Amino acid sequence: MITEVDFHFDPMCPFAYQTSVWIRDVRTRLGITVNWRFFSLEEINRVEGKKHPWERDWSYGWSLMRIGALLRRMEMSLLDRWYAAIGYQLHALGGKPHDPEVARRLLSEIGCEATILDAALADPSTHDEIRAEHQRVVDAGGFGVPTLFMNGQCLFGPVLVDPPTGEDALKLWNVVTGMAGLPHVYELQRPKSSADAQLIAQTLRPYLDGRDWVSINRGEVVDIDRLAGG
């Protein structure tokens, strides 16, 4: 029986956010432990010759994860609240948590000092934490998020745009944990119809409105810009 999961995320990823909504529902119903871990789409999709995210003064998802790393040192529940706040701001409201001033406000809203942002950016070891957890996924053959580790098994997904709740959330949990128990089942994928594409585009509209970057869809599940007509 699986009672603990490591959930790797990049706060900029709309698919990871949708999956986090589902895993939170499962946690409420089953009492599982969710350990929030990091992964960088900025780094995995970096173009040769461009700076690594840790070489920039402020780097969208990477910097938000550095704040999260410092919060996690105090308590995992603080990172839990941080990811929920910044994820909702970008992926539900179309806001800009990657703007430092918005990030400061969101820290205050979850009951933390806004100065944590400065402390996280002044501490080079926050880079190290993100790099180590990013590399864990890469070493396991991973390429994106959401990535879950369960009982030593690494799974990419589930990829959702309408996170199930209640009994349906538990039904999906049983599918995912069942796959984790079969280490040589590598892939199960549902083809996307035109109606599916429209649903995905509609769901991701806040993210597309809030982002300040161009998505690089290397290895991603769908081309979100194409689906949304962006």
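The structure presented is a predicted model; accordingly, all values stated were derived computationally and were not measured.
Relative to the six-membered ring of Phe149, Arg136 meets both conditions, a distance below 6.0 Å and an angle of at most 45° to the axis.
Side-chain contact between Phe38 and Leu79 is present, with heavy atoms from C-beta onward closer than 4.5 Å. Arg72 has its side chain out of reach of Leu78: every pair of non-hydrogen atoms, C-beta onward, lies at least 4.5 Å apart. In this structure the side chain of Val34 never reaches within 4.5 angstrom of the side chain of Arg24, judged on heavy atoms. Proximity of Val145 to Val137: side-chain heavy atoms (C-beta onward) are nowhere separated by under 4.5 Å. Annotation: side chain of Trp82 is in contact with side chain of Ile67 (closest heavy-atom distance under 4.5 Å). Contact annotation: the side chain of Trp36 approaches that of Ser20 to within less than 4.5 Å [non-hydrogen atoms, C-beta and beyond]. Within the 4.5 Å cutoff, the side chain of Arg73 has heavy atoms near those of the Ser125 side chain. Side-chain contact between Ile130 and Trp54: absent, with no pair of heavy atoms (C-beta onward) separated by less than 4.5 Å.
Crowding of Glu109 atom CD: a count of heavy atoms from other residues, nucleotides or ligands under 6.0 Å exceeding 12. Other residues, nucleotides and ligands place no more than 12 heavy atoms under 6.0 Å from the CD atom of Glu167. Few gaps surround CG on Leu182; more than 12 heavy atoms of other groups in view lie less than 6.0 Å from it. Other residues, nucleotides and ligands place more than 12 heavy atoms under 6.0 Å from the CD atom of Glu4.
Side-chain contact annotation: Thr28 with Asp25, donor-acceptor N/O pair under 3.5 Å absent. If you check the side chains of Arg131 and Thr126, you find no donor sitting under 3.5 Å from an acceptor. Neither side chain, Gln18 nor Thr203, offers a donor N or O lying under 3.5 Å from an acceptor on the other. Checked by atom type, the side-chain pair Glu75/Ser77 shows a donor-acceptor distance below 3.5 Å.
Taking 4.0 Å as the cut-off between side-chain N and carboxylate O, Arg105 and Asp99 do not count as a salt-bridged pair.
When atom types are taken as modelled, the side chain of Thr19 and the backbone of Pro158 share a donor-acceptor pair closer than 3.5 angstrom. Judged by distance alone, the side chain of Asp209 and the main-chain N or O of Pro206 form no donor-acceptor pair under 3.5 Å. Counting only distance, with no hydrogens or angles, the side chain of Lys96 and the backbone of Gly210 share a donor-acceptor pair below 3.5 Å. Side chain of Glu55 to main chain of His52: a donor-acceptor pair is present (N/O by atom type, distance under 3.5 Å, no hydrogens or angles). Here the side chain of Asp80 pairs no donor or acceptor atom with the backbone of Met76 at under 3.5 angstrom. In this structure a side-chain-to-backbone donor-acceptor pair under 3.5 Å is missing from Arg37 to Phe7.
For Phe9 and Tyr83, the ring centers sit closer than 6.0 Å to each other. Ring centers of His98 and Tyr60: under 6.0 Å apart, within the cut-off.
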* ring-ring contact (aromatic ring centres under 6.0 Å, His included) between His91 and Tyr17, intermediate numbers included -> CA-CA 7 Å; His91 302 296; Tyr17 175 72; 5.2 Å; yes
* Take Asp196 and Ser193, measure what side-chain hydrogen bond (donor to acceptor under 3.5 Å, both in side chains) needs, and give me the verdict at the end. => CA-CA 5 Å; Asp196 293 323; Ser193 68; 3.1 Å; yes
* To do: With side-chain hydrogen bond (donor to acceptor under 3.5 Å, both in side chains) as the test, would you mind laying out the steps for Thr165 and Arg29 before giving the verdict?
  => CA-CA 10 Å; Thr165 59; Arg29 297 175 190 284; 5.3 Å; no
* To do: Could you please spell out the steps behind the side-chain hydrogen bond (donor to acceptor under 3.5 Å, both in side chains) verdict for His127 and Trp62?
  => CA-CA 8 Å; His127 287 307; Trp62 187 273; 2.9 Å; yes
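We find the OG1-CG distance between Thr3 and Leu30 to be 10.5 Å, quoted to the nearest 0.5 Å. Atom OG of Ser63 is separated from atom CD of Glu42 by 7.5 Å, given to the nearest 0.5 angstrom. Atom CG of Asp212 is separated from atom CE of Met12 by 9.5 Å, given to the nearest 0.5 angstrom.
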